[in-house]
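Both backbone and side-chain heavy atoms feed into the values below; hydrogens, waters and symmetry mates do not.
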Amino acid sequence: MSRAVITLIFFIVALLLYLARAEKFDVAHWGAQKFTSLSQYEDRLEAIESEISGLPRASDLDARGTHGFHSNFTPTADSNWISLSWPKGQWVESIALVPTRINTQSGTFANYGFPRSLKIEGIDMSGRKNVIAQIANTRLDLRKGDPLFMEIDRQQLRSIRIMPTDLPELMDKKDVRGFSLAECFVFDQGVNHAPSAMLQASFSIDGEPGWNIRYLTDLQSPLGPPEFGQVGRSLGWHSDLQVLERDTAWIEIDLGKVCEFDSIRVFGARGDAPLKGPGFGFPQRMIFEVRNHSQELPRLLWEPSHELIDNPGYNILPISLPPTKARYVRLTVEMPDKPDDLSIARVLLSEWEIRHRGNNIALGKTVTSNDGYESIPHDSSRIWSRKGINDGYTSSGKIISDLSWVSGLSRRFDLRVERQSLIEKIAEIRHRSQQVVNSFLITILSLIILSLALALRRTLRQSALRMKQLRMSISSDLHDEVGSNLATISLLADLPQQGNSSVLKDVQRLARESSLSLREIVDLTLGDRPRRPLVERMKDIAKLMLCDHEWTIDADVSPELNPLQRRDLIFFFKEALHNIIQHAHANHVTIRLYQDQELIKLVVADDGCGFEFAPEKSLLTLHQRAASLGAVLLVESIKQKGTSLQLTFHVNTKSI
């Protein structure tokens, strides 16, 4: 297999891996959409995100106000209940419950005393009792103070009873349970009728600050006012500080004509700093007066039953009234908010509604006050103004109906629970799909690698076979042609001659030396051919080349070397002996070969004439042979005493 084909295959594999991981071409995601429910889940998730964006959002801070209702501490849940009753009956089509949020040293508890499961029983006009709603799991694991909204078949009831069937333990207290609600809504035709109900409970902790059964329907909860997150230009009304210093502040709404109304709602302002928290600037005492004509003296409509008004925080102060008719309605602040002696007294209200049968008839009507200015800036985009007190906006959102608000918050929670479930399902499907794709790619890659390995093995075997055939051909040619010729020269040299016998001996020696060299070449090319031990081969060479010298060889082992290393060592040895023959004029040559663990050492010494050794010029061939071996060559030469060569290298037994 050619290198180009292998490169192309690896490029294709790399491209597949990249495409499998690329966001624009996610194979796992594409496959999951085609063969699983992923596409449906993703479409539903997108629809949820779109729907959530159009729903109200709970306040991101504790709106304060009252805590709500709290039952007695009991070991079980079934002994706790609360009921709302209407002696003349009330039509009901939906019910909403708001969890209590409290702050303690241990932290904030958004669902304090809220049941894991509950049921609601209703008593109809005939006195018959039946379960009108039942919730098996309120999902406290995901609920963050979100209201629970329940739609029922519209029916006329005398009373409803809310009964928890599973209450969690209160904080760290084992076997201690308590039932708590911040607010309860009972709707029919979009109107909340809970404030008109008579309230009862198995037990209610009414003596503790912030806890009372009547707080269950006072429209004050941690969620804040019924608003949608669409802010207006005005934050509400901020009274003139100079007016407060010399007189009582008042603000009046002109309804345009004499109108009938039955309730008033005043919204606290939302502070924008820790020291200006929810309800900052809410009057400690105020009264409402009415008149039908501009020249008429105002008459008292409402005043607080207590000396001071409990601050509602960022909530509503609802005031129920007997049916009243008037054109002008005035709010007079008799005691502004002044938390301490160092604070400046001031009045801040975000909205004032005058209502008739649940509708705000004061919206957008003419407003007058005894302030010295029309408006004052709050920041670069928002202001305080007298017109902001009836513009339909709180400090942080547009006022919507109680039903739209509480049902929207509950719907947001349900969608959030569904979204969490979908996210987990989508993640699981994507994980499984990615595993399938990864397994497929690994299988393909393994098959490709196996195919490449088999092809490479076959290629190597074919190359080895061709190389072996080439070596055999070269060896055969050398042996048959050159070897036979040298053998003939040797035979001729053995015949009796009349000429110079020394010349014939040189011819014979050279022929035998050539024969030995050819034998080494044959051994190298035929790697599987049996070879004589290294020491015996070195003795043969010494015997042949040092025939006119005295020599000794000392070798305690015959190391096993691979053919290349063996060849280089023998060529080094022969070159060393050749130099002795040609230049040393020596009488005796000493040869020592020994092995020290992984090191081989060869020492060749003579008692010849010696020479002046110059590393850059002397014994270049021997240095080349030593470099081929990866060896270190040490040369010591003394004139008239001889020369010693020491070769040291690491043994290598690996086959070529």
_Sidechain-backbone polar pair: Asp124 side chain, Gly127 backbone, donor-acceptor under 3.5 Å_ = yes

*Keeping to residues at least two apart or across chains, list the salt bridge (Lys or Arg N to Asp or Glu O under 4.0 Å) pairs with something in residues 202-229.*
none

*What's the shortest heavy-atom distance between Phe228 and Ile400, and which atoms?*
CB-CG2, 4.1 Å

*In Å and rounded to the nearest 0.5 Å, what is the CD1 to CG distance from Ile160 to Leu84?*
5.0 Å

*Atom of Phe69, atom of Ala201 and distance for their closest heavy-atom approach*: CE1-CB, 3.6 Å

*Short side-chain to backbone donor-acceptor contact, Arg177 and Pro75, under 3.5 Å*: yes

*Is the backbone N or O of Gln40 less than 3.5 Å from a side-chain atom of Ser37, with the two atoms forming a donor-acceptor pair by type?*
no

*Do Glu351 and Ile399 have side-chain heavy atoms sitting under 4.5 Å apart?*
yes

*Got a second to check how far Ser407's OG is from Met150's CE, nearest 0.5 Å?*
12.5 Å

*Thinking salt bridges, do Glu418 and Arg44 make one under a 4.0 Å N-O criterion?*
yes

*Sequence neighbours excluded, which residues qualify as side-chain hydrogen bond (donor to acceptor under 3.5 Å, both in side chains) partners of Asp402?*
Arg265

*Hey, does Met163 have a side-chain heavy atom less than 4.5 Å from the side chain of Ile82?*
no

*Using atom types as modelled and distance alone, determine if a side-chain donor or acceptor of Ser202 lies under 3.5 Å from a backbone N or O of Ser79.*
yes

*Does a sphere of radius 6.0 Å around CD in Glu151 hold more than 12 heavy atoms from other residues, nucleotides or ligands, not counting ones at 6.0 Å or beyond?*
no

_Could you measure the distance from the OG1 atom of Thr66 to the CG atom of Asn315? Nearest 0.5 Å is fine._
7.5 Å

*asked:* Between Ile383 and Arg233, is the side-chain contact (heavy atoms from CB on, under 4.5 Å) condition met? List the steps.
replied: CA-CA 6 Å; Ile383 61 173; Arg233 174 168 171 72; 3.8 Å; yes

*Give me the one residue out of Asn311, Leu348, Asp337 that meets side chain to side chain contact (heavy atoms under 4.5 Å, CB included) with Phe282.*
Asn311

*Below 4.0 angstrom, N of the basic side chain to O of the carboxylate: do Arg416 and Asp146 qualify?*
yes

*Is the backbone N or O of Ile361 less than 3.5 Å from a side-chain atom of Asn359, with the two atoms forming a donor-acceptor pair by type?*
no

_Worked verdict on Asp188 versus Arg154 for side-chain contact (heavy atoms from CB on, under 4.5 Å)_ = CA-CA 8 Å; Asp188 180 61; Arg154 187 172 186 264; 2.6 Å; yes

*Work out which heavy atom in Ala32 is nearest to a heavy atom in Leu38; give both atom names and the distance.*
CB-CD2, 3.4 Å

*Take Ser446 and Thr443 through the side-chain hydrogen bond (donor to acceptor under 3.5 Å, both in side chains) test and state the conclusion after the steps.*
CA-CA 5 Å; Ser446 300; Thr443 301; over 6 Å; no

*Would Leu97 and Ile162 count as a side-chain contact (heavy atoms from CB on, under 4.5 Å) if you check the C-alpha gap in whole Å, the side-chain angles of each, and the deciding distance to 0.1 Å?*
CA-CA 10 Å; Leu97 305 177; Ile162 304 168; 3.6 Å; yes

_Check this for me, if you would: do Glu42 and Arg430 make a salt bridge, where the nitrogen-to-carboxylate-oxygen distance has to be below 4.0 angstrom?_
yes

_Interatomic distance, Leu317 atom CG to Trp352 atom CH2 [nearest 0.5 angstrom]_ = 12.5 Å

_Set of residues satisfying side-chain hydrogen bond (donor to acceptor under 3.5 Å, both in side chains) with respect to Asp141, sequence neighbours excluded_ = Arg139

*Could you tell me which residues satisfy side-chain hydrogen bond (donor to acceptor under 3.5 Å, both in side chains) with Glu93, sequence neighbours excluded, listed by chain and number?*
none

*Would you verify whether the NZ or CZ of Arg161 falls within 45 degrees of the ring axis of Trp81 while also being under 6.0 Å from that six-membered ring's centre?*
yes

_If you define the side chain from C-beta out and look only at heavy atoms, does anything of Gln230 sit under 4.5 Å from Tyr393?_
yes

*asked:* Measuring centre to centre across the rings, with the benzene-like ring taken for any Trp, is His67 within less than 6.0 Å of Tyr112?
replied: no

*Taking atom CD of Glu49 as the centre, does the number of heavy atoms from other residues, nucleotides or ligands within less than 6.0 Å exceed 12?*
yes

_I'd like to know if the side chain of Ser410 and the backbone of Phe149 have a donor-acceptor N/O pair within less than 3.5 Å._
yes

*Of the non-hydrogen atoms in Arg355 and Phe261, which two are nearest, and what is the gap between them?*
O-CB, 3.2 Å

*Does a side-chain heavy-atom distance below 4.5 Å link Pro115 with Asp166?*
no

*To the nearest 0.5 angstrom, please state how far the OG atom of Ser94 sits from the CG atom of Asp153.*
12.0 Å

*Judged by modelled atom types alone, do Ser83 and Ser159 share a side-chain donor-acceptor pair under 3.5 Å?*
no

*asked:* Are more than 12 heavy atoms, taken from residues, nucleotides or ligands other than Arg57, located less than 6.0 Å from that residue's CZ atom?
replied: no

_Assess the residue pair Phe185 and His193 against the criterion (ring-ring contact (aromatic ring centres under 6.0 Å, His included)); give the C-alpha distance rounded to whole Å, side-chain angles, the decisive distance to 0.1 Å, and a yes or no._
CA-CA 7 Å; Phe185 297 86; His193 297 282; over 10 Å; no

_Ring of Trp86, cation from Arg158 - is the NZ or CZ under 6.0 Å from the centre and inside 45° of the axis?_
no

_Derivation of the side-chain contact (heavy atoms from CB on, under 4.5 Å) call for Leu349 and Phe267_ = CA-CA 6 Å; Leu349 296 174; Phe267 292 70; over 6 Å; no

*Does any donor atom in the side chain of Ser396 or Tyr314 lie under 3.5 Å from an acceptor atom in the other side chain?*
yes

*What are the two closest heavy atoms between Leu55 and Arg411, and how far apart are they?*
CD1-CG, 3.8 Å

*Answer yes or no: is there a side-chain heavy-atom contact under 4.5 Å between Asn72 and Phe179?*
no

_Under 3.5 Å: donor-acceptor pair, side chain of Thr138, backbone of Arg116_ = yes

*Looking only at heavy atoms, what is the nearest atom pair of Leu140 and Pro168, with distance?*
CD1-CG, 4.0 Å

*Report yes or no: does Asn111 contribute a side-chain atom to a donor-acceptor pair with the main-chain N or O of Arg143 at less than 3.5 Å?*
yes

*For Arg432, enumerate each residue passing the side-chain hydrogen bond (donor to acceptor under 3.5 Å, both in side chains) test, keeping only those at least two apart in sequence or located in another chain.*
Glu428

*Take atom CD of Gln189 as the centre, draw a 6.0 Å sphere, and report whether it contains more than 12 heavy atoms from other residues, nucleotides or ligands.*
yes

_Side-chain touch Ser71/Phe203, heavy atoms, less than 4.5 angstrom_ = no

*Spell out, as yes or no, whether a donor-acceptor pair under 3.5 Å connects the side chain of Arg382 to the backbone of Ser395.*
yes

*Name all pairs fulfilling the salt bridge (Lys or Arg N to Asp or Glu O under 4.0 Å) condition that reach into residues 442-454, sequence neighbours left out, sorted by first residue then second.*
none

*Side chain to side chain, Pro222 and Ile102, heavy atoms closer than 4.5 Å*: no

_Spacing of NE2 belonging to His356 relative to CG belonging to Asp262, to within rounding of 0.5 Å_ = 6.5 Å

*What orientation do His378 and Trp384 show, parallel under 30°, tilted 30 to 60°, or perpendicular over 60°?*
perpendicular

